[in-house]
Amino acid sequence: MGERVLVLGAGIAGLSTALALGGTGREITILDRDPPPPETSADEAFDNWERKGVGHVRHSHAFLARLHMIIRDNYPELMQDLLAAGCREIRFAENMPVERQAEYVPIPSDGDLTILTSRRTTLELVMRRYVARQKNVTFVTSTLVRSLITEKTGDALTVRGVVAEDANGTREIRADIVVDAGGKNSQAIEWLREKGLDIREESAPAGIVYFTRHYRLHDGKDEPARSKVPGAGDLGYIKYGLFPADNRCFSITLAVPEIEMEIRRAVVRPEIFDAICAELPGIAAWTSPEYSEPKSKVFGMGELWQRWRHMVKNGKPLALNFFPLGDTVIRTNPLYGRGCSFAAVQAHILRDVLDKTSDPATRSIDFHAAVEAALRPYYNDMGKQDAMAIRRSANALNPDYVPDFKAKLGKSFVEDAMMVAVRADLPLLRAFMRGFHMVDEPGKWLKNPVNIAKVLYYWSRGKKRNAEYYPPKLGPGRKEMLTKLGLSTTADFERFKAAA
């Protein structure tokens, strides 16, 4: 008999763990606080599946190329199940600027830049059914974890299982390995802290609030033709994204800086949400009554923080036989769409570590070191971008703000050099997208002397010569948008000054 693995949580992190460990001969039990999914369609799962343990399950999702590669290369039957359920593969050519498509010549590595899109409930439903078919995996649903079973082992705690509660009362469930995939609401780390473990945590605010609404195309209507205006963009006071999904569904997410209280308070109203969409050229046709109808309310998500918890101190593990995965241990701004890929990467690192050694201390040290090496570059990059975005949103409120030379130079390098270059040069776009999709490390493309020379070349040409490579206008400015919505254009700045 193989090791008994207890997985806390049946979201993407828990399912990825079962995928990774399912072929290793271990016995896997997945504890899910929520009821099982419906037995019928993806639409019923979206409408009726209760997922209190995954609060963001009905927000927009696009699953990055790194996750697509993991499924494609390791679980071809699962990939076929996903496509049969209506999930879509969106390839590199479909994501490039429209004006570059005529000159596009595919190369083999472009396949590694394919993303997977669907409603999150559809992905989870199909993954769960696939995992449940594995003979060594058992789901235990409608079960809450109340505490960890631990014993002292030197300076560390060894986790032996959990105390769980269901409709029949409480019971102990023991295991050789406990994987905490319970997400941001998991209490396991706090329970370990209460037992004396000094678990250090890095954290910083994402500074943004998300609002999502789902739609379905009318029968007989094709998706609106792509235009030069992209389906995603950043207006400073609001970021927007269009997410094609499964079975003629799609969603729109509007991401609003925390400081923009006027929009935040109004956008939860469906008529305001749709009015904003109607002002954004890249998505206006999609949400028009001619093409689609809303299929959900406006979902909000706030209190977002970037977080990394450290389970090793001074080179020694704090907890043995216990492995936190996903948002439990590393949480990032959903804007970058990397959470599901992070979880899948961690799950496969865990598989390799468990197969390599049976020593609990070595397993813990090796796992967290490998996770650090694989994911830290993306985490740091996202943190820097969040901090810059928070500063920009505060400056945008101030009508008297004048950027200094350094700020102007940095803005110009991003907008007039980097973004122009990747829109003009397909090899640069490939390199840039490989970093975004976690195929390469972020920023690797700018460390290549050939690439940086191209970027500097386009910068030196000036705006006039590069005019064709700038994106078209993405939408109205802040004052114009708020005025159209009947909102105050100055209230947020007055509020910000009063709080400063």
Side-chain angles (χ1 to χ4, degrees), residues 62-69 89-117 226-236 239-242 282 335-338 341 375 377-386 388-389 392 407-474:
F63 306 102
L64 297 187
R66 181 68 174 272
L67 180 59
H68 177 270
M69 289 171 62
E89 293 176 304
I90 297 183
R91 305 186 188 282
F92 172 66
E94 299 172 72
N95 273 327
M96 70 176 60
V98 172
E99 54 269 35
R100 300 275 77 76
Q101 290 185 345
E103 65 196 62
Y104 171 62
V105 178
I107 61 175
S109 62
D110 286 348
D112 291 341
L113 293 175
T114 301
I115 65 175
L116 190 67
T117 67
R226 289 190 63 200
S227 69
K228 291 185 178 182
V229 186
D234 184 354
L235 296 173
K239 298 177 176 66
Y240 67 89
L242 163 70
L335 178 70
Y336 310 101
R338 288 173 173 159
S341 295
L375 301 182
Y378 304 101
Y379 181 88
N380 288 348
D381 179 66
M382 288 183 282
K384 291 177 182 177
Q385 292 189 53
D386 284 346
M388 289 189 294
R392 285 198 303 270
K408 290 180 179 178
L409 187 67
K411 184 173 185 291
S412 177
F413 181 72
V414 172
E415 296 180 359
D416 304 320
M418 283 175 40
M419 292 299 98
V420 163
V422 299
R423 288 180 63 86
D425 187 286
L426 283 180
L428 275 186
L429 179 61
R430 283 190 181 98
F432 172 79
M433 295 303 292
R434 288 179 69 86
F436 181 84
H437 283 287
M438 296 179 59
V439 180
D440 291 337
E441 283 193 9
K444 177 182 176 181
W445 70 287
L446 273 181
K447 297 176 183 177
N448 183 318
V450 173
N451 291 344
I452 192 64
K454 288 182 177 179
V455 171
L456 295 176
Y457 163 73
Y458 280 101
W459 201 11
S460 70
R461 283 164 47 102
K463 293 183 179 181
K464 186 174 181 179
R465 293 176 64 193
N466 289 333
E468 65 177 299
Y469 303 125
Y470 282 91
K473 186 177 180 181
L474 301 177

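Residues that satisfy the ring pair (Phe, Tyr, Trp, His ring centres under 6.0 Å) test with Phe432, not counting sequence neighbours, are Trp445.
Side chains of Met438 and Leu375 form a contact here, defined as non-hydrogen atoms less than 4.5 Å apart. Here the side chains of Tyr378 and Tyr336 are not in contact, with every heavy-atom distance at 4.5 Å or above. Looking at Arg392 and Asp234, their side chains come closer than 4.5 Å, going by heavy atoms from C-beta outward. For the pair Ile90/Asn95, a side-chain contact is recorded, criterion being any heavy-atom separation below 4.5 Å from C-beta on. In this structure the side chain of Tyr469 never reaches within 4.5 angstrom of the side chain of Asp416, judged on heavy atoms. Pro427 places none of its side-chain heavy atoms less than 4.5 Å from the side chain of Asn451. With a 4.5 Å cut-off on side-chain heavy atoms, Glu89 and Thr117 do not count as touching. Residues Leu67 and Leu116 have side chains not in contact (no heavy-atom distance under 4.5 Å, counting atoms from C-beta outward).
When atom types are taken as modelled, the side chain of Asn466 and the backbone of Tyr458 share a donor-acceptor pair closer than 3.5 angstrom. A donor-acceptor pair is defined here as one N or O able to donate and one able to accept, closer than 3.5 Å; no such pair exists between the side chain of Arg91 and the backbone of Gly111.
Taking the ring centre of Phe436 as origin, the terminal cationic atom of Arg338 falls inside the region bounded by 6.0 Å and 45° from the ring axis.
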Legend entry - Verdict with supporting geometry, Leu429 and Arg423, side chain to side chain contact (heavy atoms under 4.5 Å, CB included): CA-CA 7 Å; Leu429 179 61; Arg423 288 180 63 86; over 6 Å; no
Inset, instruction - Apply side chain to side chain contact (heavy atoms under 4.5 Å, CB included) to Ser109 and Arg434, showing your working. - result: CA-CA 10 Å; Ser109 62; Arg434 288 179 69 86; 4.1 Å; yes
Inset, instruction - Using the side chain to side chain contact (heavy atoms under 4.5 Å, CB included) rule, take Val420 and Glu415 through it: C-alpha gap first, then chi angles, then the decisive distance, then the call. - result: CA-CA 7 Å; Val420 163; Glu415 296 180 359; over 6 Å; no
Inset, instruction - For side chain to side chain contact (heavy atoms under 4.5 Å, CB included), just list the numbers for Met418 and Leu446, CA-CA rounded to whole Å, side-chain angles, deciding distance to a tenth of an Å, and then say yes or no. - result: CA-CA 9 Å; Met418 283 175 40; Leu446 273 181; 3.9 Å; yes
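Annotation: the span from Met419 atom CE to Phe413 atom CZ amounts to 9.0 Å, rounded to 0.5 Å. In this structure, CG in Leu113 is found 11.0 Å from CG in Leu64, a value given to the nearest 0.5 Å. With rounding to the nearest 0.5 Å, the separation of NZ in Lys411 from NZ in Lys408 is 10.5 Å. Between the CG atom of Leu426 and the CE atom of Met433 there is a distance of 12.0 Å, given to the nearest 0.5 Å.
Of all heavy-atom pairs spanning Pro377 and Pro442, the tightest one is O-CG, 3.6 Å. The heavy-atom pair separating Ala65 from Ile115 by the smallest distance is N-CG2, 3.8 Å. Heavy atoms only, all atoms of each residue included: Gly233 and Leu474 are closest at CA-CD1, 3.9 Å. The nearest pair of heavy atoms linking Pro230 to Tyr240 is O-OH, 3.5 Å. Taking each heavy atom of Val98 and Lys228 in turn, the nearest pair found is CG2-N, 4.5 Å. Contact between Arg100 and Ala424 at its shortest, heavy atoms only, is CD-O, 3.9 Å.
For residues 453-474, the set of pairs meeting the salt bridge (Lys or Arg N to Asp or Glu O under 4.0 Å) definition, not counting sequence neighbours, comprises Asp425-Lys454.
For the pair Glu94 and Arg226, the salt-bridge criterion is not met [side-chain N within less than 4.0 Å of a carboxylate O]. Residues Arg430 and Asp110 are paired through a salt bridge, judged by an N-O separation under 4.0 Å between the basic side chain and the carboxylate.
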